[in-house]
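First up is the structure itself, then whatever we jot down about it.
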Amino acid sequence: MSDKKLLRVLAGETMPHPPIWLMRQAGRYLPEYRKVRAEAGSFLDLCYNPKLAVEVTLQPIRRFGFDAAILFSDILVVPHGLGQDVWFVENEGPKLAPIRDVAGLKALGLSGMTARLVPVYQAVSDLAAALPREVTLIGFSGAPWTVATYMVEGGSSRDFAQIKGWGFADPAGFGSLTDLLTEAIAQHLCAQIEAGAQVVQLFDSWAGVLPDTAFRRWIIEPTRKVVALVRKRYPDIPIIGFPRGAGLYYPEYAAETGVTAVSLDTTVPTGWAAGSLQGMLPVQGNLDPMLLLQGGQAMVDGVAHILKDLGSGPFVFNLGHGIIKETPPEHVEHLVRMVRGDIEE
Ligand code: CP3
C-alpha cells in the first residue's frame, strides 16, 4: 500500500484526516518565494530555471509539510512552447500577442513544443528525486478552453468577448485551435508523467462562463479527449479536473470526462457535493481563499463545515481557488494543523 495519502484517496480510500495541499501554495504570500522571485528576473525566467523552480516548489513543503507538491510553473508555458509571444507585466498579469482567426494559428507549431519545455520536465524529475516519499508530486496543465481564453483575448478578460465572438461565429475555425491545444496539453501532461509526476491536475479556471451547448463542446469534449490521450500512454495516472464555476455541470463533467476526481470551486455547496458527486468519485476543495486570508473564527467555522460534509468519503482538502498573495503564512499553518486534527477547535 502506498504511503502517499493523496494517491490513496484518489484510489477511493476515505481517511480519518484528509490529505491537504493548496492551489498556488508556492507563491508571493511566502517571503522566501519573493526572495527567489526577485533573484530570478522575470516570472517566466523562474518557470524555466529548473533549480529555482524546484526550490520554490519545495518551500511550502518544508514550511507546512503538505501532502503534495505541485510543480512550480504556469498554464501559459503551453502557448509559449507552441510559439506564441507570452510575457508577464508586474501587477497586471499575463500578456500574449493574441490569435483571433485560423490564419493566426499558422504561427504556432506543436512539433517543437516539448523540446522548448525541457527545463519544465527537468524540474519535475529533480523534484521526483528530492521529495520525501510520503509527498505526492502533482504536474498540471490548463485545460484547452482556459488556455485558449488567454491566447485569444491576449491576457485576462472580463467578458471573453473575443473568444466567444470567434467560437460562436466560426466554430469550425475555433475548433482547430481547441484541437491543437487538446493534443499539446496531452503531450505536456505525458512529458510531466514521464519525468515523474504522480498525479496531474487540469485547471479550467474559466469553465464557468459558457452557456449550455458551448459548455459541452468547449469544456467536456476537449477534456474527455485530453484524458483519453493521456490514459492511452498512462492508463493508471490519477487526473484531477478543476472546472471552476461549472455549477450545475459538475455531475456531467465528473461522469463524462473520465477524470479521477473533481476539484470544487468556492461556490459549490459541500452538502450537495457529498450527495451528488462524492458517491461517483473523490472530491477536492473548497475553502474560500478569503477565509484563509481572514483566519480566526471565520476560517475555523469554514473548515469545520467542509470537514463535516465531505470528511466521511474520499476527500482531499484544498481551497476553492488559488491562495491570495496577502495571506499570512501563520493562517496556512493553523489550517494545516486543523485539517490534520492536531488542534481541536
Ligand atoms: O499552484 C502552485 O503553487 C503552482 C504554480 C502555479 C502558478 N500558476 C504560479 C503562478 C499554477 C498551478 C498556476 C496555474 C495558473 N496560471 C492558472 C490556473 C489556476 C487559477 O489561478 O485559476 C491560471 C489562470 C494562470 C495564469 C496566470 N499566471 C495569471 C492569470 C497570473 C497573474 C495573476 C497573479 O496572480 O499575478 C499568473 C502569474 C502566476 N502564476 C504567479 C504564480 C506564483 C504570480 C506571478 C509572480 O510571482 O510574479
Side-chain angles (χ1 to χ4, degrees), residues 20-49 52-61 63-64 66 68-80 84 86-96 120 123-124 127 136-151 153-158 160 163 185 188-189 192 197 199-209 240-246 263-266 284-286 289 293 318-327 329 332:
I20 176 170
W21 69 277
L22 304 181
M23 292 189 263
R24 292 277 177 99
Q25 66 190 20
R28 289 164 295 186
Y29 74 109
L30 291 177
E32 60 268 36
Y33 170 85
R34 295 195 295 268
K35 188 160 170 285
V36 175
R37 172 77 171 75
E39 285 164 14
S42 78
F43 174 71
L44 279 176
D45 287 338
L46 177 52
C47 290
Y48 294 135
N49 181 324
L52 297 183
V54 167
E55 168 57 23
V56 295
T57 303
L58 293 175
Q59 285 171 347
I61 307 303
R63 205 191 246 260
F64 307 113
F66 287 122
I70 181 161
L71 166 71
F72 185 86
S73 183
D74 200 82
I75 66 167
L76 299 178
V77 300
V78 165
H80 197 228
Q84 190 171 14
V86 178
W87 67 101
F88 283 80
V89 178
E90 219 58 51
N91 301 318
E92 279 186 45
K95 305 284 171 203
L96 300 87
V120 175
V124 174
L127 279 165
T136 306
L137 178 56
I138 303 175
F140 72 91
S141 175
W145 167 256
T146 287
V147 175
T149 65
Y150 290 95
M151 295 175 78
E153 299 290 338
S156 302
S157 175
R158 257 175 217 286
F160 304 91
I163 190 170
I185 287 161
H188 184 51
L189 291 174
Q192 293 175 65
V199 170
V200 292
Q201 176 153 321
L202 268 173
F203 286 89
D204 220 341
S205 306
W206 301 111
V209 304
I240 304 170
F242 178 44
R244 188 168 75 94
S263 198
L264 310 176
D265 68 69
T266 299
Q284 170 174 281
N286 71 344
L293 172 73
N318 207 313
L319 298 175
H321 197 195
I323 197 163
I324 293 161
K325 69 174 190 294
E326 290 79 12
T327 303
V332 177

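Both ligands and their constituent atoms are indexed starting at 1 by order of listing.
- The ligand atoms of ligand 1 that sit less than 4.0 angstrom from a heavy atom of S205 are 18 (C), 19 (C), 20 (C), 22 (O), 24 (C).
- Among protein heavy atoms, the minimum distance from atom 14 (C) of ligand 1 is reached at I75 CG2, 3.7 Å.
- Atom 24 (C) of ligand 1 has its closest protein heavy atom at Y150 OH, 3.2 Å.
- The protein heavy atom nearest to atom 41 (C) of ligand 1 is F43 CE1, 3.6 Å.
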Show every donor-acceptor pair shorter than 3.5 Å between a side-chain atom in residues 138-146 and any protein atom, with sequence neighbours excluded, or say none if there are none.
from, atom 1, to, atom 2, distance (Å)
W145, NE1, W206, O, 2.9
T146, OG1, D204, OD1, 2.5
T146, OG1, S205, N, 3.0
T146, OG1, W206, N, 3.0

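- The shortest distance between side-chain heavy atoms of E55 and F72 does not fall below 4.5 Å.
- Closest to atom 27 (C) of ligand 1, if we only count protein heavy atoms, is D74 OD1, 3.7 Å.
- The shortest contact between atom 32 (C) of ligand 1 and any protein heavy atom is with P94 CD, 3.7 Å.
- With respect to atom 34 (C) of ligand 1, the closest heavy atom belonging to the protein is R28 NH2, 3.1 Å.
- Scanning for salt bridge (charged side-chain N to carboxylate O under 4.0 Å, His left out) contacts around K325 gives an empty result, with sequence neighbours left out.
- Within the 4.0 Å heavy-atom cutoff, L71 counts among the residues contacting ligand 1.
- In this structure, F242 does not count as a contact residue of ligand 1, since none of its heavy atoms falls inside 4.0 Å of the ligand.
- The protein heavy atom nearest to atom 9 (C) of ligand 1 is S73 O, 3.3 Å.
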